[in-house]
Amino acid sequence: MTSFPRVLIERDTDGEDSSSSSDDDGDEEEEGEPEHQNVAEIKESVVEDWESESKKKSKASITIAFKKVCKVCKRSGHEAGFRGATYVDCPMKPCFLCKMPGHTTIDCPHRVVLDQGAVPAPRRNNRSPLDYIFERQIQNKIPMMKPAFVIPDQVDCAVIRYHSRRITCLEFHPTNNNILLSGDKVCVTQFFAFNVACSYDIAYDLEIGIIGQLGVWDFVKVHEKTVYGNIHSCILNNMRFNPANDGTLFGASSDGTVSCTDLETGMSFPLMDINPNGWQGPSTWRMLYGMDTNSDKNVVLVADNFGYLYLVDMRSNEKMREDTLIHKRGTKVVGLHCHPIQPELLLSCGNDHFARIWDMRKLDASLASLHHNRVVNSAYFSPQSGSKILTTAQDNRIRVWDSIFGNLLSPSREIVHSHDFNRHLTPFRAEWDPKDPSESLAVIGRYISENYNGAALHPIDFFDTSTGQLVAEVTEPNITTISPVNKIHPRDEVMATGSSRSIFIWRPKDKVERVEEREDAKIVLCGGSKKTNKKFGGESDESDDDTFNSKGKNSKSKRDGKSGRSALTKVKAKPMKNSKTKS
DNA sequence: ACATCATGTTGCC
DNA sequence: TGGCAACCCTGATG
């Protein structure tokens, strides 16, 4: 409260403020805001000490100042924001975590603080007879001792500022264990901006590709300071390796093509173009989002922003069937996933608040529709048996659906977890640990921060979805940014994280060399200036050839870099043009 | 320690 | 259905 100014005046007429106070829960006109009814008087430059104001304006001075208002609800008397490393919510809004009114995240029952950090509610639904049946059945099948989860919880190496924009997807190489692919995305509007302020149709006429970046990084050779440069590709919404040839990668692109990129050369060619007639206006321009490959059927599956699914033969590049509407017409299909065992089964999810299970032989009706309250960011079959489905929705809930022991009408588990939508962040997606034999470990980054000894950090959460328990929250003091993209290695005890423009490789603590050893050359700084997070990329060793070494010092100063644009040559991510031209 | 800005999407009307 | 605001913990930069 020391941050409140002593003298307050309502900032006047933000047109929408009145509307915002009306649209959000007009029920909460509590006595905490006596001055709200007196705005007119206050605007008459009645100035009050904020503390006495709460005691009903007794005196008026002449001083004029601006009243501090809450940046969330635009009202006075409180202020949302950080107090040190703890974020204080606006009390006028529903809980930012569970979305229920009446409390804030600090008091949220889904954010019980134990030791340090957040523990979710054990589960929302009461146990049903199905649960007990499930337990009895599964107990006969699994070993008595459930193997312990392996949590890669210590940063082993990192590439700082690898990409020029935020990272959108990560993919481990299917055969080379040490290769990580990363994609970023230049937004269409930015594309408009720097390409002479043109629009999509002009770009189309000019045959300008929309540029996203594809990074290929050998994270073991970071020691030897070898980082492959970035390969330009078209804007990637999703990528998958070609199951028949791990040297090529398929990409679903917003330009409506399925691209096939050769990782050696960086050359790519379109497998399919769903805008064969070119630009007919934004209402008809189709963009591809969800994608997966099916090696049994030799098809690439992609889905677009109008709800349609397309199948392309990988070898002949022929479309396999008529375009099929699989989600509400006009809504984006953001995710596709093929069942790991049964090649006919397909899972899709999209902006119509549904995830759907399909039999690919009979796509006119879905086998099941999993309803969510908000947009579904992702939906994945469990990696081994495919019997469970993990979905992430924008209502801040992770759901597990059981196709064997559950009825799929409602999730078998709901975990409240902070992963809100934010236009600046890549959408969060909960992902299975592909190595977990019990198919229960899932990872997802957390939006809201926790105060870790004075530092506001956004952990990466590991859930045991079979119990709903948070089993690990992984943090690193030097990663102060949110980590929406996380991928667990399919074979090694490794996890990759994309956080803002940087990539981090985690391993279990006992598998990481001691810090003294790794300080030498495990953090590579790419591109831009070196103002980065504290230790990572801190002081640079400019005498080095093409990378910066991390010194692990200056963990205090966040902006301690000096100049240092010079020393990055071949390693760096090519900076995007950042022209300010706008029409 | 601030201010600014980039600029996507959802959901409502 | 199309148009249009609101959007809460961003992150980089100056």
Side-chain angles (χ1 to χ4, degrees), chain A residues 3 14-17 19-24 70-74 78-97 99 104-106 111 118 160-161 163-168 185-194 235 237 254 281-283 287 289 305 328-332 334 350-353 373-377 393-396 418-428 445-451 455-459 479-484 499-502 527-533 537 558-559 561 565 575-576 578-582:
Chain A
S3 63
D14 266 24
E16 57 270 53
D17 291 350
S19 69
S20 78
S21 63
S22 66
D23 67 2
D24 61 56
C70 172
K71 63 183 177 187
V72 175
C73 71
K74 308 292 193 295
H78 65 271
E79 237 183 312
F82 276 104
R83 306 269 186 280
T86 304
Y87 191 90
V88 177
D89 277 308
C90 170
M92 295 294 131
K93 289 281 187 172
C95 173
F96 190 55
L97 174 54
K99 308 301 180 193
T104 64
T105 54
I106 291 181
R111 200 193 194 193
I160 308 290
R161 300 264 215 116
H163 284 270
S164 54
R165 311 297 300 178
R166 66 168 202 255
I167 287 160
T168 55
K185 185 161 78 168
V186 173
C187 319
V188 170
T189 41
Q190 181 186 5
F191 164 73
F192 289 165
F194 74 70
I235 175 174
N237 291 315
S254 279
S283 60
M287 308 188 225
Y289 285 87
N305 55 329
K328 184 179 172 185
R329 186 181 305 274
T331 63
K332 201 198 300 180
V334 292
N351 286 19
D352 63 351
H353 301 190
N373 297 324
R374 290 294 168 124
V375 168
V376 188
N377 287 347
Q394 289 185 9
D395 61 353
N396 264 2
S418 171
H419 49 259
D420 283 70
F421 170 79
N422 179 316
R423 67 171 152 177
H424 305 288
L425 299 174
T426 303
F428 290 85
R446 195 192 302 176
Y447 191 153
I448 54 175
S449 61
E450 204 67 51
N451 185 339
L457 302 179
H458 308 266
I479 303 178
T480 56
T481 49
I482 295 173
S483 306
S499 190
S500 186
R501 294 148 64 167
S502 305
S529 66
K530 8 181 227 114
K531 292 181 194 170
T532 60
N533 295 338
K558 188 173 183 176
R559 306 277 164 79
R565 189 179 286 267
M576 295 303 294
N578 207 10
S579 158
K580 298 281 188 273
T581 51
K582 284 190 182 128

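Owing to the predicted nature of the structure, the values given are computational and were not obtained by experimental measurement.
- Across C:dC7, C:dC9, B:dT9, the shortest atom-to-atom separation from the side chain of A:R423 is found for C:dC7.
- For A:I482 against A:R446, the heavy-atom pair with the smallest separation is CG2-O, 3.9 Å.
- Contact between A:H419 and A:G445 at its shortest, heavy atoms only, is CB-O, 4.4 Å.
- Residue-to-nucleotide proximity on DNA chain C shows that, of A:K328 and A:F82, the 5′-proximal contact is made by A:K328.
- A:H353 comes within 4.0 angstrom of sugar-phosphate atoms only, judged by non-hydrogen atoms across all strands, and of no base.
- Contact annotation: A:K93 reaches the phosphate of C:dC7 (side-chain N/O to OP1 or OP2, under 4.0 Å).
- Regarding contacts with the backbone of C:dC7, every side-chain N or O of A:N422 stays at 4.0 angstrom or more from both OP1 and OP2.
- Between the CD atom of A:Q394 and the P atom of C:dC7 there is a distance of 16 Å, given to the nearest Å.
- Distance, A:N305 CG to C:dG2 P: 13 Å, rounded to whole Å.
- The nucleotide B:dT7 finds no pairing partner, because no Watson-Crick or G-U wobble arrangement with both distances shorter than 3.5 Å includes it.
- Nucleotide C:dC8 holds its C1' atom 6 Å from the OH atom of A:Y447, rounded to whole Å.
- At the phosphate of C:dC9, neither OP1 nor OP2 sits under 4.0 Å from any side-chain N or O atom of A:H424.
- Distance noted for atom C1' between B:dC12 and C:dC9: 25 Å (whole Å).
- Once rounded to the nearest 0.5 Å, the distance linking OH of A:Y87 with CZ of A:F96 reads 7.5 Å.
- In this structure, A:S500 reaches the C:dA12 phosphate: one of its side-chain N or O atoms is under 4.0 Å from OP1 or OP2.
- Contacts of A:I482 with the nucleic acid, taken as non-hydrogen atoms under 4.0 Å apart, involve only primed sugar atoms and P, OP1 or OP2.
- Within the structure, every side-chain polar atom (N or O) of A:R166 is placed at least 4.0 Å from both OP1 and OP2 of B:dT7.
- Residue A:R374 has a polar side-chain atom (N or O) positioned under 4.0 Å from OP1 or OP2 of B:dG11.
- What separates CG of A:L457 from C1' of C:dC9 is a distance of 12 Å, to the nearest Å.
- One atom, CG of A:D352, and another, P of C:dT1, lie 14 Å apart when rounded to the nearest Å.
- Base pairing of B:dC13: its partner is C:dG2, meeting the Watson-Crick or G-U wobble criterion (both donor-acceptor distances under 3.5 Å).
- If you take atom C1' in C:dC8 and the same atom in B:dC13, they sit 23 Å apart, rounded to whole Å.
- Atom CG of A:L425 is separated from atom C1' of B:dT10 by 15 Å (rounded to the nearest Å).
- The side chain of A:N351 places no N or O atom within less than 4.0 Å of a non-bridging phosphate oxygen (OP1 or OP2) of B:dT9.
- Closest approach of A:T426 and A:P484 over heavy atoms only: O-CB, 3.2 Å.
- Computed from coordinates, the A:F421 CZ to C:dA5 C1' distance equals 14 Å when rounded to whole Å.
- Remark: the backbone N or O of A:Y447 is paired with a side-chain donor or acceptor of A:H458 at under 3.5 angstrom.
- In this structure, A:F96 reaches the bases: a heavy-atom distance under 4.0 Å links it to at least one base atom across the strands shown.
- Looking at heavy-atom distances under 4.0 Å, A:S418 makes no contact with the nucleic acid at all.
- Checking C:dC9, C:dA12, B:dT10 against every side-chain atom of A:I448, the shortest atom distance belongs to C:dC9.
- The residue A:K71 sits apart from the nucleic acid: no heavy atom pair falls under 4.0 Å.
- For A:L425 against A:R166, the heavy-atom pair with the smallest separation is C-NE, 3.9 Å.
- Checked against A:D89 for a side chain to side chain contact (heavy atoms under 4.5 Å, CB included), the options A:T105, A:L97, A:I448 give a single hit: A:T105.
- Of the listed nucleotides (B:dT7, C:dC9, C:dT10), B:dT7 has the atom at the smallest distance from the side chain of A:R165.
- Between A:R501 atom CZ and C:dT10 atom C1' there is a gap of 13 Å when expressed in whole angstrom units.
- Ranking B:dG11, C:dC8, B:dT9 by closeness to the A:V375 side chain, first place goes to B:dG11.
- Of the residues near DNA chain C, A:C90 and A:S483, the one whose nearest nucleotide (by heavy atom distance) lies more toward the 5' end is A:C90.
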